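Written below as structure tokens is the structure these notes are about.
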Amino acid sequence: MKSLIDILDLTTEELDELIATAEDIIANPSKYAEACRGKKLASLFFEPSTRTRMSFEAAMYELGGNVISVTGAGTSSAAKGESVADTAKTVSCYTDIIAIRHPKEGAAYVTAKNATIPVINAGDGGHCHPTQTLADLLTIWREKGRFTNLTIGVCGDLKFGRTVHSLINAMSRYEGNRFVLISPEELKVPSYVKKDVLQQKGIPYVQTTDLMAVMPELDILYMTRVQRERFFNEEDYLRLKDSYILTVDKLKTAKSDLAILHPLPRVNEISVAVDDDPRACYFKQVLNGKYMRMALILKLLKEAGQIK
Ligand code: CP
């Protein structure tokens, strides 16, 4: 049973195929309106979410399917101590595909090991968030027309930001890309990402604390929120939370075709005035997430023999 736990579960050919399907859905939505008729998505969110949960649910409805939800650990038998494995076996009895968000790293993997239906990781702790990366990739594709020869700046909480880890993994598979890792000292990219991905593949990268110094080089600027929920103490969070605030003024030295991405939610790290800049792509990214989740649901249900 094929599931999506990590972005590397998909080959670059499969990513191309998902992007082609998403583009076709955008161009011809009515063609897909009955594609999942009679099928049910289990939307299991044991951690807060707006975009990921709603876009999965909107995706399934727009494919003609239905949704059964758990929102918040307190509303399911997880609150009584039921294991992730038993939850997976149970949910497999009622639905055809699972999207799960969980605060513990590895929970989506355990779900996939125990479910009898495809499982999609909708974010597991600080580990990864592959469907956000699908949204990011479609946005990069639509804005830049390529995945190669890009200077990609990632800025903010690179330690706990699971979307950053998945994006670095994904973009490291394409030729000619270079990363500029912009963060406070305490929130640097974990060494396993540097060693196992960037260094092992010989991908050029620099680490800096100074966003303004590198702004003119960037083709993509991927801003991230400082992840309050993953900090061990509030004092450190308060000290670091406003390390980077992108403003209209700070964009003066940026390329005219820079693409500004952010997985959202935003707190302070992008000033609201930047939203009017044509280079701001983060709300397009939100919509792209729905199309890529539609393409992914179709692919996994087809491979499971559940739809044609
Ligand atoms: N980007 C993202 O995962 O947003 P939510 O937490 O609102 O789902």
Side-chain angles (χ1 to χ4, degrees), residues 4-7 18 22 41-62 67 69-75 97-105 107-108 111 119-140 142-143 152 154-171 220-231 237 241 244 246 259-270 272 274-275 280-297:
L4 179 67
I5 306 307
D6 188 299
I7 195 66
L18 288 173
L41 167 79
S43 167
L44 308 182
F45 279 73
F46 298 103
E47 230 190 17
S49 168
T50 298
R51 276 147 293 274
T52 312
R53 182 175 70 79
M54 293 186 75
S55 66
F56 264 116
E57 296 184 5
M60 195 53 166
Y61 285 126
E62 289 184 31
V67 178
S69 303
V70 168
T71 49
T75 63
I97 186 165
I98 296 172
I100 180 167
R101 171 170 290 188
H102 200 283
K104 286 200 178 138
E105 288 84 359
T111 303
V119 173
I120 303 171
N121 182 3
D124 62 332
H127 181 223
C128 50
H129 190 353
T131 64
Q132 178 62 49
T133 311
L134 295 181
D136 303 343
L137 291 177
L138 181 59
T139 307
I140 293 170
R142 299 201 104 205
E143 298 303 315
I152 304 160
V154 284
C155 177
D157 183 350
L158 309 189
K159 180 179 179 183
F160 297 116
R162 58 193 173 194
T163 64
V164 168
H165 309 159
S166 293
L167 183 70
I168 291 173
N169 262 311
M171 292 304 285
I220 293 166
L221 173 57
Y222 193 93
M223 296 295 294
T224 63
R225 170 178 69 91
V226 174
Q227 307 260 311
R228 180 180 211 154
E229 63 275 31
R230 315 226 185 272
F231 270 74
Y237 168 73
K241 73 183 177 65
Y244 301 99
L246 187 64
I260 306 164
L261 276 67
H262 190 311
L264 304 181
R266 136 178 80 183
V267 184
N268 280 333
E269 54 286 349
I270 301 181
V272 173
V274 174
D275 299 0
C281 300
Y282 29 92
F283 287 106
K284 292 185 202 170
Q285 207 177 339
V286 171
L287 184 57
N288 289 336
K290 181 186 74 174
Y291 296 126
M292 285 303 264
R293 289 177 178 112
M294 289 172 82
L296 180 65
I297 290 169

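Small disclaimer: the values here were computed from a predicted structure and weren't measured. We count ligands from 1, going down the list as the structure has it; atoms in each ligand are counted the same way.
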For Met54 and ligand 1, answer yes if some heavy atom of the residue is under 4.0 Å from a ligand atom, otherwise no.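 The answer is no: ligand 1 sits nowhere under 4.0 Å from a heavy atom of Met54.
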Checking Arg266 against Asp275 for the salt bridge (charged side-chain N to carboxylate O under 4.0 Å, His left out) test, could you report, in this order, the C-alpha distance in whole Å, the side-chain angles of both residues, the deciding distance, and whether it holds? CA-CA 12 Å; Arg266 136 178 80 183; Asp275 299 0; 2.7 Å; yes
Can you give me the closest heavy-atom contact between His165 and His127, atom names plus distance?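 Smallest interatomic distance, heavy atoms only, reads ND1-O, 3.7 Å.
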Using a heavy-atom cut-off of under 4.0 Å, does the side chain or the backbone of Thr163 touch ligand 1, or both, or neither?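 Neither; nothing of Thr163 gets under 4.0 Å from ligand 1.
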Per-atom contacts, ligand 1 versus [X] - under 4.0 Å to a heavy atom:
X	result
Gln132	1 (N), 2 (C)
Thr52	2 (C), 3 (O), 4 (O), 5 (P), 8 (O)
His129	2 (C), 3 (O)
Thr50	5 (P), 7 (O), 8 (O)

Suppose we measure from atom 4 (O) of ligand 1 to each protein heavy atom; which comes out shortest, and what is that distance?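 Looking only at protein heavy atoms, the one closest to atom 4 (O) of ligand 1 is Arg51 NE, 3.1 Å.
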Look at atom 6 (O) of ligand 1 and say which protein heavy atom is nearest, naming residue and atom and giving the distance to 0.1 Å.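 Sorting protein heavy atoms by distance from atom 6 (O) of ligand 1 puts Arg101 NH1, 2.9 Å first.
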I'd like to know if Arg162 and Glu47 make a salt bridge, using a cut-off of under 4.0 Å between side-chain N and carboxylate O.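 Counted as a salt bridge, because a side-chain N and a carboxylate O are separated by less than 4.0 Å.
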Between Glu62 and Lys290 (salt bridge meaning N to carboxylate O under 4.0 Å), is one present in this structure?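 Looking at Lys290 together with Glu62, the answer is yes, because their closest N to O distance falls below 4.0 Å.
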Can you tell which of Ser49, Pro265, Gly123 gets a heavy atom nearest to atom 8 (O) of ligand 1?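 Answer by nearest heavy atom: Ser49.
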Does NZ or CZ of Arg101 fall inside the cone over Phe45's six-membered ring, less than 6.0 Å from its centre and within 45° of the axis?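 That pair does not qualify as a cation-pi contact.
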If only atom types and distance count, is the side chain of Ser55 paired as donor or acceptor with the main-chain N or O of Gly289 below 3.5 Å?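 No, because the side chain of Ser55 does not come within donor-acceptor range (under 3.5 Å) of the backbone of Gly289.
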Side chains of Arg293 and Thr131, donor plus acceptor under 3.5 Å: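 Yes, Thr131 and Arg293 have a side-chain donor paired with an acceptor closer than 3.5 Å.
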